[in-house]
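Fair warning: this is a prediction, and the values are worked out from it, not measured in the lab.
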Amino acid sequence: MSERTEALRKRADRCAEEIRKHREIHVVSHIDADGLTSAGIICTALERGGFEYTTRFVKQLDEAALDAIADENPELVIFTDLGSGMCEPIKSRGIRAVISDHHQPQGDLEFHLNPHLIGANGSYELSGSGSTYLLASALGKNRDLSALAIVGAVGDMQHLKMGQLVGINREILEEGVEGGNLQFKKDLTLFGKQTRPIFKLLQYSSDPYLPGLTGDEEACIEFLHTLNLRFSQEERWRRWIDLEPPEKQKIVSGLIQYCLKAGIPSYRIERLVGEVYILEKEREGTEMRDASEYSTLLNATARYDHAEIGLAVCMGDREEAYEDARKLLAEHRQNLVNGLVYVKEKGIIQLENIQYFDAGSNIKETIVGIIAGMSSTIVENRNLPIIAFANTDGGIKVSARGTQDLIRRGVNLSEAMSKVSAEVGGAGGGHDIAAGATIPEGTKEEFARKLDLFIGEQLQKKANSGKN
Ligand code: C5P
Ligand code: C5P
Ligand code: ZN
């Protein structure tokens, strides 16, 4: 165990000690895959420890959400995958709290678990589910929950930074492998290897975008035909997991050739193959077997007001809740496709240092961030952060997505969203590479202008510091 992990485990021990003083716990978590897996981890650990618990899922932990929680005067609240940005407001309301999070902290409080506090980066070295796994480990024997911790990290795309999970995430992965819960290997990175017909993997490939294949079912089928692949067996489409190793190799080589011919830069082509994470205890051919498919299944529940379904799946339901989740997943997929088509048709506005699109009410605000991230594959200029606006109750939701390259050049979207949204009367935060905010109606243009300047300053500052 590294020194940093040890420091974090000590914090986890103190948090666990605090939890043990109580019987009834209120768990508050975030409505995405990382938030759901975090809740799944802590609720399972609480159940095993004989605690009573209730849950609440929020889009974001703002003042109003905290007021509602404080009103109920819970004995103890465990905040997972959120809370770190609200330490002062939590304290000022007298809420007894343990925070297990990975977002950029603002302020501090006594029982607070967050990688940033020990000098680790919460955008790729530990997720909310990872923090919460450390907490669960301090509460009892919960090593099997490492699998959920990795699903949360992958849901937050923490494996993309280095092409594999690193830092404390890696230590958790290793625990999972030792316990027989997880496995990792190099494989095709395209989405859907467990559950989808092979041509769908190509058809929905967005990273890398495959010009001539992405979005075109017929072309994908034709491409596979030219490789002489058998498509179906026993009346059903073959999936990636049904293929023999030489067949997989044939597709990977064929795709690489195709991309080279299409002039796709090699750093993008390389992303076709990468580290993938398998949940060893899950049935093959189900979403839960693959960390990436699992996280999408969870997003399909919580981001549509059905966190209880995703939580039940995290806690082991493979019957009713799983069936419900799959129905939601089909709708979610369709919404993502429609959203991308919308962005493509509507176009993206470029300023000097950012680019943005306004989804209005055409894209649900809870998934507009995912679409902003996916739209990086359809924009002309990948060197500008992508900002998305969407209507929300009583305001405007903003989502921002950047790239590793931008971060190296000084961009920090968390700082930018937090500062600039405050200037127009809103609030925001998140991570350097992905952040969000809510701003008042009528401030969109002003916000975009100010954000453009602010990002310009971040870039300038870094460029200047490089000169010295
Ligand atoms: O609230 P939370 O921290 O869980 O959300 C992080 C968000 O950042 C996720 O929606 C994830 O998809 C996004 N992200 C991204 N690109 C990365 C890392 C994270 O879009 N490289
Ligand atoms: O909603 P979206 O996926 O764009 O969120 C990206 C990141 O920004 C998440 O980590 C989320 O928790 C954070 N965020 C925030 N404040 C908001 C909206 C999002 O800190 N008002
Ligand atoms: Zn998270």
Side chain to side chain, Thr392 and Lys59, heavy atoms closer than 4.5 Å: yes
Donor-acceptor side-chain pairing of Gln158 and Ser127 below 3.5 angstrom: no
Positive for salt bridge (Lys or Arg N to Asp or Glu O under 4.0 Å) with Glu125, one of Arg170, Arg4, Lys161: Arg4
CG/Asp393: more than 12 non-hydrogen atoms of other groups inside 6.0 Å: no
Heavy atoms of other groups near Glu352 CD, more than 12 under 6.0 Å: no
Gln460 and Asn464: side chain donor to acceptor below 3.5 Å: yes
Pairs meeting criterion side-chain hydrogen bond (donor to acceptor under 3.5 Å, both in side chains) with involvement of residues 260-270, two or more places apart: none
Heavy-atom pair with the smallest gap, counting every atom of Ala302 and Leu36: CB-CD1, 3.6 Å
Sequence neighbours excluded - ring-ring contact (aromatic ring centres under 6.0 Å, His included) pairs with any residue from residues 343-380: Tyr356-Phe389
Flag if over 12 foreign heavy atoms under 6.0 Å of NZ, Lys461: no
Pairs flagged by ring-ring contact (aromatic ring centres under 6.0 Å, His included) wherever residues 324-346 is involved - sequence neighbours left out: Tyr304-His332
Residues Ser29 and Thr80: side-chain donor-acceptor under 3.5 angstrom: yes
Min side-chain heavy-atom separation Ser375-Leu340 under 4.5 Å: yes
Distance-only polar pair, side chains of Asp432 and Ser414, donor-acceptor under 3.5 Å: no
Gln194 and Asp290 side chains, donor-acceptor separation under 3.5 Å: no
Residues in ring-ring contact (aromatic ring centres under 6.0 Å, His included) contact with Tyr258, at least two apart in sequence or another chain: Phe223
Over all atoms of both residues, closest heavy-atom pair of Ala434 and Arg401: CB-CD, 3.7 Å
Residue pairs involving residues 394-452 (criterion ring-ring contact (aromatic ring centres under 6.0 Å, His included); sequence neighbours excluded): His102-His431, His103-His431
Side chain proximity check, Asn169 to Leu126, heavy atoms < 4.5 angstrom: yes
Qualifying residues under side-chain hydrogen bond (donor to acceptor under 3.5 Å, both in side chains), relative to Glu308, sequence neighbours excluded: His306
